[in-house]
Structures are given as C-alpha cells and as structure tokens.
Amino acid sequence: MSRTTIEILQDALAHFEIMQTHAEQGLEERLVIDAVCMRLSAGIEALAAIDSDEREGIFGEVWPLMWGMRNRIAHGYLLVDTTIIRETMIHDVPSIMSRIRQRVLLHQSAAIGDERAVGDAALGEPTHVDRQLKDTRSVGSAGASESDRD
C-alpha cells in the first residue's frame with residue numbers, strides 16, 4: 001500500500017520539528033549538529049517520495065537545492081560545513097516547514113470540501129506568500145553541484 005502525499009508531508013514535517021528541538025540545545029555541539037543533519041536529510045528524503053509534479057508545486061525551483069543538501073549530508077557527512085547547517089536552520093527551514101504546513105492544510109480543506117482551497121489547488125498554486133525561498137544562500141551554499149542533484 002502506497003502512502004498518501006499528506007502522510008509523506010506529515011512525516012517530513014515531524015523530522016523537521018524534531019530537528020528544531022535538537023537545534024534548541026545549541027548548534028555549537030558536534031553531536032547536536034550531527035542529529036540536526038540526520039533529521040534534515042531524513043525530512044528531505046521523505047519529501048522525495050511525493051509525486052514530482054506535486055513536489056514541484058510545493059517547492060518549485062528550490063527542490064534541486066534541497067536535494068543537493070540532502071546528498072551533501074548523506075554522501076559527504078563529515079564535509080558539511082556547520083555554518084551552512086546553521087544558516088539553513090535560520091533562513092530556509094522555516095519557509096520549508098511553512099510550505100509543508102500550507103499544503104497539509106490545503107489537502108485537509110479540500111477533503112472537507114472547502115471551495116476556496118479546492119479552487120487554489122486547481123490553479124496549482126501554493127496558497128502561501130513565500131512562493132520562492134527568499135534566501136537560498138544557505139541551501140545553495142552547500143555546494144549543490146549538478147552531481148549532487150541526482
């Protein structure tokens with residue numbers, strides 16, 4: 001049985017929420033950075049299971065940068081710059097979580113027949129104001145090269 005988009009989004013959101021709890025302990029400790037990296041990678045990995053068209057509708061052109069960050073963590077774990085992780089936590093993760101929450105609410109509204117939500121979904125547009133991540137320095141700074149985006 002395949003999982004629904006809503007279930008996948010909720011799983012990713014859970015990883016990101018746990019990651020934020022870890023980060024509250026301070027990003028100066030290597031153990032905390034390691035835990036944050038693992039949850040960040042797991043959350044992004046979960047999002048990869050969403051239909052590519054829907055994922056594009058949620059994240060747009062930043063998805064390859066997110067996937068590049070996941071690859072950098074997964075394949076070059078010791079080489080990930082902790083400054084990049086800190087910047088990602090500050091600048092990118094809140095927007096990513098907002099996009100996920102908005103899509104979850106959109107799915108829930110559509111399920112109960114909220115015509116406004118159904119109309120927005122039909123347009124294929126995110127219903128939030130941050131349509132594009134404003135600051136991609138941290139995700140992009142991870143050095144996501146073409147090979148990282150595989």
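Heads up: numbering here begins at 1 and tracks the sequence.
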Participant: Checking Ala14 now: which residues fulfil side-chain contact (heavy atoms from CB on, under 4.5 Å) with it, not counting sequence neighbours?
Facilitator: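 With sequence neighbours excluded, Ala14 shows a side-chain contact (heavy atoms from CB on, under 4.5 Å) to no residue whatsoever.
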
Participant: Linking I/L/V/M/F/W/Y whenever any side-chain heavy atoms sit under 4.5 Å apart, do Val32 and Val93 land together?
Facilitator: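 Shared cluster, yes.
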
Participant: For the atom pair CG (Leu31) and NE2 (His22), what is the distance rounded to the nearest 0.5 Å?
Facilitator: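 If I round to the nearest 0.5 Å, the distance is 9.0 Å.
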
Participant: Provide the closest heavy-atom pair for Ile73 versus Val80 in the form atom of the first, atom of the second, distance.
Facilitator: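 Result for this residue pair: CA-CG2, 3.8 Å.
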
Participant: State which residues pass salt bridge (charged side-chain N to carboxylate O under 4.0 Å, His left out) with Glu29; sequence neighbours excluded, sorted by chain then number.
Facilitator: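 Glu29: no salt bridge (charged side-chain N to carboxylate O under 4.0 Å, His left out) contacts found.
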
Participant: Quick check: does any side chain N or O of Thr88 sit under 3.5 Å from a backbone N or O of Ile84, one acting as donor and the other as acceptor?
Facilitator: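 Confirmed, Thr88 side chain pairs with Ile84 backbone.
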
Participant: Rounded to the nearest 0.5 Å, how far does CD1 of Ile85 lie from CG of Asp81?
Facilitator: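 So the gap between those two atoms works out to 8.0 Å.
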
Participant: Between Arg55 and Ser52, is there a side-chain heavy-atom distance shorter than 4.5 Å?
Facilitator: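 Heavy-atom side-chain distance check passes, below 4.5 Å.
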
Participant: Between CD of Glu7 and OG of Ser2, what distance do you get to the nearest 0.5 Å?
Facilitator: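 Here the interatomic distance stands at 8.5 Å.
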
Participant: Are Leu27 and Thr82 side-chain neighbours, meaning at least one heavy-atom pair lies under 4.5 Å?
Facilitator: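 A side-chain contact under 4.5 Å is absent here.
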
Participant: Quick one: do Arg30 and Asp34 make a salt bridge, cutoff under 4.0 Å?
Facilitator: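 Looking at Asp34 together with Arg30, the answer is yes, because their closest N to O distance falls below 4.0 Å.
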
Participant: Applying side-chain hydrogen bond (donor to acceptor under 3.5 Å, both in side chains), name anything that partners Glu56, two or more places apart in sequence or on another chain.
Facilitator: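 Listed in chain order: nothing, the list is empty.
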
Participant: With sequence neighbours left out, write down each residue that passes side-chain hydrogen bond (donor to acceptor under 3.5 Å, both in side chains) with Gln108, or none if nothing qualifies.
Facilitator: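 Gln108: no side-chain hydrogen bond (donor to acceptor under 3.5 Å, both in side chains) contacts found.
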
Participant: Taking C-beta and beyond as the side chain, do Trp63 and Ile44 meet within less than 4.5 Å on heavy atoms?
Facilitator: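 Side-chain contact under 4.5 Å: yes.
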
Participant: Quick one: do Leu13 and Ile6 end up in the same hydrophobic cluster if we chain Ile, Leu, Val, Met, Phe, Trp and Tyr together by side-chain heavy atoms under 4.5 Å apart?
Facilitator: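 Both belong to a single hydrophobic cluster.
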
Participant: How long is the gap from CG on Asp92 to CE on Met66, to the nearest 0.5 Å?
Facilitator: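 These two atoms lie 9.0 Å from each other.
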
Participant: Are any of the side-chain heavy atoms of Leu9 and Ile58 separated by less than 4.5 Å?
Facilitator: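 Side-chain contact under 4.5 Å: yes.
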
Participant: Ala12: which residues meet the side-chain contact (heavy atoms from CB on, under 4.5 Å) condition with it, sequence neighbours left out?
Facilitator: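 With neighbours one apart ignored, the set is Phe16, Ala46, Leu47, Ile100.
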
Participant: Considering only heavy atoms from C-beta outward, does the side chain of Met19 approach that of Met38 to under 4.5 Å?
Facilitator: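 Of all side-chain heavy-atom pairs linking Met38 with Met19, none is under 4.5 Å.
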
Participant: Restricting to side-chain hydrogen bond (donor to acceptor under 3.5 Å, both in side chains), what partner residues turn up for Thr21, sequence neighbours left out?
Facilitator: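 side-chain hydrogen bond (donor to acceptor under 3.5 Å, both in side chains) list for Thr21, sorted by chain: empty.
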
Participant: Which distance, rounded to the nearest 0.5 Å, do you find between the CD1 of Ile50 and the CZ of Arg103?
Facilitator: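 Atom-to-atom, Ile50:CD1 and Arg103:CZ are 9.0 Å apart.
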
Participant: Quick one: list whatever passes side-chain hydrogen bond (donor to acceptor under 3.5 Å, both in side chains) with His107, sequence neighbours left out.
Facilitator: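 Listed in chain order: Glu54.
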
Participant: Quick one: side chain to side chain donor-acceptor pair (under 3.5 Å) pairs with a partner in residues 36-50, sequence neighbours left out?
Facilitator: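 Listed by first then second residue: His15-Arg39, Glu45-Arg70.
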
Participant: Rounded to the nearest 0.5 Å, what separates atom CG in Leu65 from atom CZ in Arg72?
Facilitator: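 Answer rounded to 0.5 Å: 12.0 Å.
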
